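See structure below.
Side-chain atoms are counted along with the backbone in the values below, which use heavy atoms only and exclude waters and symmetry mates. Predicted model, so just to flag it, every value in this text is computed and none were measured. Each chain gets a letter, A, B and so on, in the order its sequence line appears, and its residues count up from 1.
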Protein chains: 2
Amino acid sequence: MPGSRRRLPTRDELRTWRDFLETTEALRSVLATRLQSDTGLSPGDYGVLLALSEAPGTRMRSSELAATLGWERSRLSHHLGRMERRGLIRREKTPADSRGAEISLAAAGAEAFQAATVPHLRAVRELFVDALTPEQLTAAGEIAAALRENLPAQKNQRAQKPASSTASEEPIHS
Amino acid sequence: MPGSRRRLPTRDELRTWRDFLETTEALRSVLATRLQSDTGLSPGDYGVLLALSEAPGTRMRSSELAATLGWERSRLSHHLGRMERRGLIRREKTPADSRGAEISLAAAGAEAFQAATVPHLRAVRELFVDALTPEQLTAAGEIAAALRENLPAQKNQRAQKPASSTASEEPIHS
DNA sequence: CTCCAGTAATTGACGTGTCAGCTATACGAT
DNA sequence: ATCGTATAGCTGACACGTCAATTACTGGAG
């Protein structure tokens, strides 16, 4: 018996890992496909449009947007380029800092987002929330927390909103 | 109160969904980065090499490989192209069906896989298995099963191995 | 044998993601 | 003012994925 194997997962643990990995991947992919065919938006598009719609004046500095989404700046640049081509957003120069760009929601983007939100949330409900018992849903949250806790510190932490007071006055969004 | 919102997730359910989504994504990405820097392989490379190493003669028909991995053929073609360029695998013509291609493990591929397996499994243990309590690990498996159950039927089901008899004679792999 | 529908695998176009490097501006120290 | 470094954003190269179309062969119906 090679003692060096002590720290390797057992067969059952690996099976669980594989199932977990594949299932979350499949779920992601089904959700993405559905969003795409329902509304023509990718998950990335949806995230960008969501952040912009919630921003005051539906406009945001590019780097602020990157921080909100937890994306690298170059990723955002590429993505915004594609979204701009499709007329979903606009890029303008900032008066304040002339290195900066201000991203604003275009009419087409606002409409697309409007049209996307209900179907998307319904899909999340159907494919995730309703698939689990209340106990499983709670467990899923705890598992996510435990995993995240254990993850090495990352550069692109998701921006944390300063938790609104009463927990029910804001628009419901994913 | 708009009755049309009945089927939308609540704020808490959405929060759980977001946490779950982001955490699994982060986990995947950390694991991928680690595999890459430890061994120069992507998760895709690893999967291909794993399937080939377990195949009799370390060779397989391309479409069989696609079925084993649950990948689309075109995805596999592209990936094999990249792996072939790096000398990890070889493509040969099949004697049986001259439309077919036989994929075989090249020496460099076998070595790379050998070198990758222990570090990779250790990482899975560290970042997934050891992050969870035994109960959470069980719950994770059940959650995956429940979600998968609820997913619409997919074209690319993962090929199911005909469960070996005693559950402990085969090589441990992810 | 000939035709043709089906199958194996590849290809090209294009969206998406990362990394490394570039340009332009900002701004504190001198 | 000017020098140096930091910051904002963009770009190019390349890996990865999907979709639709293509190529080349198989195998049965006539």
Side-chain angles (χ1 to χ4, degrees), chain A residues 22 25-26 28-37 39-48 60-86 88-104 154-156, chain B residues 22 25-26 28-37 39-48 60-86 88-104 154-156:
Chain A
E22 283 165 20
E25 195 149 295
R28 213 185 291 288
S29 140
V30 169
L31 231 22
T33 301
R34 196 172 287 202
L35 185 62
Q36 187 81 53
S37 61
T39 72
L41 298 177
S42 69
D45 299 334
Y46 187 83
V48 169
M60 249 176 141
R61 284 292 292 266
S62 175
S63 50
E64 197 192 344
L65 186 50
T68 302
L69 295 168
W71 286 12
E72 288 189 13
R73 284 217 278 267
S74 101
R75 174 180 177 187
L76 183 59
S77 258
H78 285 301
H79 206 102
L80 290 179
R82 293 186 294 262
M83 292 182 74
E84 190 178 30
R85 262 190 268 138
R86 293 192 286 150
L88 297 173
I89 55 111
R90 275 186 308 267
R91 285 199 252 213
E92 291 146 23
K93 287 201 174 133
T94 342
D97 180 337
S98 34
R99 288 168 304 184
E102 207 154 61
I103 314 303
S104 71
Q154 287 303 103
K155 352 172 190 176
N156 298 314
Chain B
E22 283 164 19
E25 195 151 295
R28 213 185 290 289
S29 140
V30 169
L31 232 22
T33 303
R34 195 173 287 200
L35 185 62
Q36 187 80 53
S37 62
T39 72
L41 298 177
S42 70
D45 298 335
Y46 188 84
V48 169
M60 250 175 141
R61 282 292 291 268
S62 176
S63 50
E64 197 192 346
L65 185 50
T68 302
L69 295 168
W71 286 11
E72 286 189 14
R73 288 213 201 129
S74 96
R75 173 180 178 187
L76 183 59
S77 258
H78 285 303
H79 205 104
L80 291 178
R82 293 185 294 263
M83 292 182 74
E84 191 177 30
R85 262 189 269 137
R86 293 190 286 149
L88 297 174
I89 55 110
R90 275 185 308 266
R91 283 200 254 216
E92 291 146 23
K93 290 207 173 123
T94 341
D97 180 339
S98 31
R99 290 169 301 184
E102 220 167 44
I103 314 302
S104 71
Q154 286 304 101
K155 352 172 189 178
N156 299 313

Please state how far atom [atom1] in [X] lies from atom [atom2] in [N], giving the value in whole angstrom units.
| X | N | atom1 | atom2 | answer |
| --- | --- | --- | --- | --- |
| A:Glu72 | C:dG21 | CD | C1' | 14 Å |
| A:Arg75 | C:dT18 | CZ | P | 5 Å |
| A:His78 | D:dC14 | NE2 | P | 13 Å |
| B:Arg28 | C:dT18 | CZ | C1' | 17 Å |
| A:Leu69 | C:dT16 | CG | C1' | 15 Å |
| A:Ile103 | D:dA8 | CD1 | C1' | 11 Å |
| A:Glu25 | D:dC16 | CD | C1' | 12 Å |
| B:Trp71 | D:dC19 | CH2 | P | 16 Å |

**Item:** Which residue lies more 5' along DNA chain D, comparing B:Ser98 with A:Ala101 via nearest heavy atoms
**Value:**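 Counting from the 5' end, the first nearest nucleotide belongs to A:Ala101.
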**Message:** Please report the interatomic distance CD1(B:Ile89) to NE2(B:His79), rounded to the nearest 0.5 Å.
**Reply:** 9.0 Å
**Message:** As an exercise, state the distance from CG of A:Leu41 to CG of A:Leu88, rounded to the nearest 0.5 Å.
**Reply:** 6.5 Å
Is the phosphate of [N] approached by [X] (side-chain N or O, under 4.0 Å from OP1 or OP2)?
| X | N | answer |
| --- | --- | --- |
| B:Arg61 | C:dA9 | yes |
| A:Ser74 | D:dG9 | no |
| B:Arg82 | D:dC16 | yes |

**Request:** Of all the heavy-atom pairs spanning A:Ser104 and A:Glu92, show the shortest one and how long it is.
**Result:** OG-OE2, 3.3 Å
**Request:** Work out which heavy atom in A:Arg73 is nearest to a heavy atom in A:Ser63; give both atom names and the distance.
**Result:**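 Answer, listing the atom of A:Arg73 first, then A:Ser63: NH1-CB, 4.0 Å.
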**Request:** Would you please test B:Lys93 and B:Ser98 for side chain to side chain contact (heavy atoms under 4.5 Å, CB included) and show each step?
**Result:** CA-CA 7 Å; B:Lys93 290 207 173 123; B:Ser98 31; 5.9 Å; no
**Contact letters for nucleotides 2-7 of chain D, in which S counts primed atoms plus P, OP1 and OP2 and B counts the base, heavy atoms under 4.0 Å** = ----BB
**Item:** Non-neighbouring partners of A:Arg75 that pass side chain to side chain donor-acceptor pair (under 3.5 Å), sequence neighbours left out
**Value:** none
**Request:** Give A:Ser77 one of three labels, base, sugar-phosphate or nothing, depending on what nucleic acid heavy atoms sit under 4.0 Å from its own.
**Result:** base
**Prompt:** Reckon B:Arg91 touches a base, only the sugar-phosphate, or nothing at all at heavy-atom distances under 4.0 Å?
**Reply:** sugar-phosphate
**Prompt:** Do B:Ile103 and B:Met83 have side chains that get closer than 4.5 Å, going by heavy atoms?
**Reply:** no
**Message:** Counting distance alone, no hydrogens or angles: does the base of D:dC16 have a donor or acceptor under 3.5 Å from a partner atom on the side chain of B:Ser42?
**Reply:**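 Result: no qualifying N/O pair found.
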